[in-house]
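The next block holds one structure in the form of structure tokens; read it before the comments.
Read the numbers this way: they start at 1 and go in the same order the structure lists the ligands and their atoms. Everything numeric here is computed off the predicted structure, so don't read it as measured data.
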Amino acid sequence: MSHSRVSEIRHVAYGVVDLEVERLFYTETWGLEETAASDGRVWFRTPGHDEPFVVKLRQAAANRVDLIALAAATPADVEALAQQVAASGARLIHGPRALTSPGGGYGFRFFSPDGLPFEISCDVARGPQRELGHWDALPRRISHIVLHSPDHQALVRFFTDVLGFRISDWLGDFMCFLRCNSAHHRIAILPGPPCLNHVAYDVPSVDSMMRGIQRLRDQGTNISWGPGRHTAGNNTFSYFVTPNGFAVEYTADLDTVDDDRHVATVHVPNKQVMDQWGIGTGGPHTMPHPKPDAGLFQPVED
Ligand SMILES: [Fe+2]
């Protein structure tokens, strides 16, 4: 087991074919705030958290994941994690150095064994944040990221043995929920072609999630799956698809666990375990069909 651990999720960067429509979605519909834009790139923050940005969009020839950024506590942790990643055989994009993205910081980049690009950083500047109210249907922060992998057991081992995540729960033998702090999960891994499944955003309450569903529907984005409440993590969910085809989620009520003592359980998959309410529309079959990400092993400069 590694000594230095990832401590949080920071942001996701996407290349998108239609930048302007995706930009409008994230601001007008999803509730993020634009913080900077230049040369076909746009950065967005959540109103409810001090992370300098949570989404970056870039005009691209194909829709793809440009980067998944994670946090570590200290420069020593960043350096130790870079060594752990290199020792695992995963490909480094660059070693620890000063970062040029908004908020700066110190970090390194690498490809996961499947080829998705990652960053681990520390000392990133803090931005403004405000308290969100119970009915504010606005994202507080990124809650979790779900990935597919052609060898999902091997990717789980990469996240636990190399990056220091801990297993919180399994759904059968096919979906693993992983934590890096007291949040029940920040990453989950499913079988499938190497790609992102979805990115979830915490909203302040179930009422906020429901009001958010109303706003999305009023603005022409219907719910793809939900509303419902999962069993692993006990969080509520509602899934949508962005104009360029990426799945996003509003979630609330995610369990907090004792990071050192939580005992992983295996949930036997059935309809009621997937969704304890069972009143929503759609299901996993109405989510975007996973296909290999268009950017595997192709790094993107800031
Ligand atoms: Fe989710």
Side-chain angles (χ1 to χ4, degrees), residues 8-12 14 26 30-32 46 48-49 54-55 65 68 70 116 137-149 152 155-156 159 165 167-172 174-192 195-206 208-210 212-213 216 221-242 245-257 264-265 267 269 271-290 293:
E8 254 309 350
I9 293 178
R10 289 228 141 97
H11 68 260
V12 179
Y14 304 88
Y26 274 113
W30 199 244
L32 301 186
T46 57
H49 197 267
V54 296
V55 170
V65 173
I68 297 172
L70 311 172
L116 284 173
L138 296 171
R140 185 179 276 150
R141 50 159 301 126
I142 291 183
S143 182
H144 60 265
I145 294 173
V146 178
L147 307 169
H148 288 282
S149 173
H152 70 293
L155 192 61
V156 168
F159 271 88
F165 281 72
I167 295 174
S168 286
D169 277 334
W170 276 93
L171 186 57
F174 66 90
M175 187 166 192
C176 187
F177 296 84
L178 297 149
R179 70 181 180 281
C180 56
N181 52 44
S182 62
H184 177 275
H185 56 279
R186 286 287 190 241
I187 295 278
I189 297 173
L190 282 164
C195 65
L196 177 68
N197 178 282
H198 70 267
V199 176
Y201 295 76
D202 274 321
V203 294
S205 64
V206 178
S208 296
M209 184 185 81
M210 298 303 276
I213 295 169
L216 270 102
T221 302
N222 271 316
I223 191 164
S224 297
W225 178 20
R229 186 185 286 277
H230 293 308
T231 298
N234 200 39
N235 52 313
T236 66
F237 65 86
S238 53
Y239 295 99
F240 307 88
V241 181
T242 74
F246 290 100
V248 286
E249 174 188 1
Y250 280 157
T251 186
D253 285 359
L254 180 69
D255 278 348
T256 296
V257 300
T265 54
H267 299 285
K271 221 171 154 225
Q272 197 146 13
V273 165
M274 299 285 282
D275 179 6
Q276 300 177 88
W277 293 347
I279 50 83
T281 188
H285 59 285
T286 53
M287 297 286 282
H289 193 65
D293 191 87

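Residues that satisfy the side chain to side chain contact (heavy atoms under 4.5 Å, CB included) test with Thr281, not counting sequence neighbours, are Ile223. For Asp255, the side chain to side chain contact (heavy atoms under 4.5 Å, CB included) criterion is met by His184, Asn234, not counting sequence neighbours. The salt bridge (charged side-chain N to carboxylate O under 4.0 Å, His left out) search around Asp253 returns Arg229, not counting sequence neighbours.
Nearest approach of Leu254 to Arg186, heavy atoms of both residues: CD2-NH1, 4.1 Å.
For the residue pair His148 and Asn197, a side-chain donor N or O sits within less than 3.5 Å of a side-chain acceptor on the partner.
For the Fe ion (ligand 1), the set of protein N/O/S atoms nearer than 2.8 Å consists of His144 NE2, His198 NE2, Glu249 OE1, ordered by chain and number.
Expressed to the nearest 0.5 Å, how far CZ of Phe177 lies from CD1 of Ile189 amounts to 11.0 Å.
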